[in-house]
Amino acid sequence: MSIWFDVARVASALNVLLLLGLASVWARNYLEIRSKYPLGLLVFAVLLLAENALALYIYLVDPTLRDWFTTDVPAIAWRAMMLLHALETLGLLFLAWITFD
């Protein structure tokens, strides 16, 4: 198994955790102030959470896709996917920092 696969899985799992925390704060803010801004952030978090949950499902649960990704996907594709997941994690860490501050 490639290191890129492991980094992508860890980044996706971290993204799920960050998005759950952010979505809970933004949902609470929306229910409290009924503004479009926290609603937009909540919709963003839910959609990104769905994308990361699907990625984790592919990486960890589905045997066909997991095996295909670990054996037949070229290394350059894994590097690109890992980079996207890692950049997303950095963006979410920044959002978490300003949200929870």
Side-chain angles (χ1 to χ4, degrees):
M1 208 178 296
S2 168
I3 185 75
W4 307 117
F5 185 72
D6 293 334
V7 171
R9 287 190 313 182
V10 169
S12 291
L14 185 56
N15 291 345
V16 166
L17 294 175
L18 287 167
L19 286 163
L20 286 171
L22 289 168
S24 69
V25 170
W26 294 335
R28 204 171 37 241
N29 287 349
Y30 174 70
L31 292 173
E32 185 178 314
I33 59 179
R34 301 285 181 184
S35 169
K36 287 183 183 179
Y37 183 70
L39 178 61
L41 291 171
L42 178 60
V43 169
F44 167 78
V46 168
L47 293 174
L48 209 53
L49 180 61
E51 182 264 332
N52 280 281
L54 178 61
L56 270 182
Y57 173 79
I58 289 169
Y59 297 158
L60 298 174
V61 178
D62 188 278
T64 304
L65 290 174
R66 182 187 63 227
D67 292 344
W68 179 70
F69 269 93
T70 57
T71 58
D72 293 337
V73 174
I76 188 73
W78 267 117
R79 288 185 198 114
M81 296 217 14
M82 182 275 309
L83 182 62
L84 290 175
H85 286 300
L87 289 173
E88 185 178 329
T89 302
L90 291 175
L92 289 173
L93 284 169
F94 183 77
L95 274 175
W97 175 62
I98 62 173
T99 298
F100 293 114
D101 187 30

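What you see below is based on every heavy atom in this structure, not just the backbone, and it leaves out hydrogens, waters and symmetry mates. Given the structure is predicted, the values throughout are model-derived calculations rather than measurements.
Heavy atoms only, all atoms of each residue included: A86 and A11 are closest at N-CB, 4.2 Å. Taking every heavy atom of both residues into account, G21 and S24 meet most closely at O-OG, 2.7 Å. Taking every heavy atom of both residues into account, N29 and P38 meet most closely at CB-CB, 4.0 Å. Contact between L18 and A96 at its shortest, heavy atoms only, is CD2-CB, 4.0 Å. Of all heavy-atom pairs between L49 and L19, the closest is N-CD1, 3.5 Å.
Listed by chain and residue number, W26, Y37 satisfy the side chain to side chain contact (heavy atoms under 4.5 Å, CB included) test with L41 (two or more places apart in sequence, or in another chain). Residues passing the side chain to side chain contact (heavy atoms under 4.5 Å, CB included) test with L39, sequence neighbours excluded: Y30, V43. Checked against side chain to side chain contact (heavy atoms under 4.5 Å, CB included), P63 has the following partners two or more places apart in sequence or in another chain: R66. In this structure, the side chain to side chain contact (heavy atoms under 4.5 Å, CB included) partners of R28, at least two apart in sequence or on a different chain, are V25.
Transitive grouping of hydrophobic side chains (ILVMFWY, heavy atoms separated by less than 4.5 Å) keeps L14 and L84 in distinct clusters. Side-chain heavy atoms closer than 4.5 Å link hydrophobic residues (I, L, V, M, F, W, Y) into clusters, and following such links, even through other members, never connects L17 to L92. No chain of hydrophobic side-chain contacts below 4.5 Å, direct or via other Ile, Leu, Val, Met, Phe, Trp or Tyr residues, connects L31 to L20.
Rounding to the nearest 0.5 Å places CG of L93 at 6.5 Å from OG1 of T89.
Under the 3.5 Å distance criterion, the side-chain polar atoms of S12 are left unmatched by any main-chain donor or acceptor of R9.
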Using a 3.5 Å cut-off and no angle test, enumerate the donor-acceptor pairs between side-chain atoms of residues 50-57 and protein atoms at least two apart in sequence or in another chain.
unit_1 : atom_1 : unit_2 : atom_2 : d
N52    : OD1    : N15    : ND2    : 3.2
N52    : ND2    : L48    : O      : 2.9
N52    : ND2    : E88    : OE2    : 2.4
Y57    : OH     : D62    : OD2    : 3.4

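Pairs passing the ring-ring contact (aromatic ring centres under 6.0 Å, His included) check and including a residue from residues 74-101, sequence neighbours excluded, read F5-W78, Y59-W78, Y59-H85, F69-W78, F94-W97.
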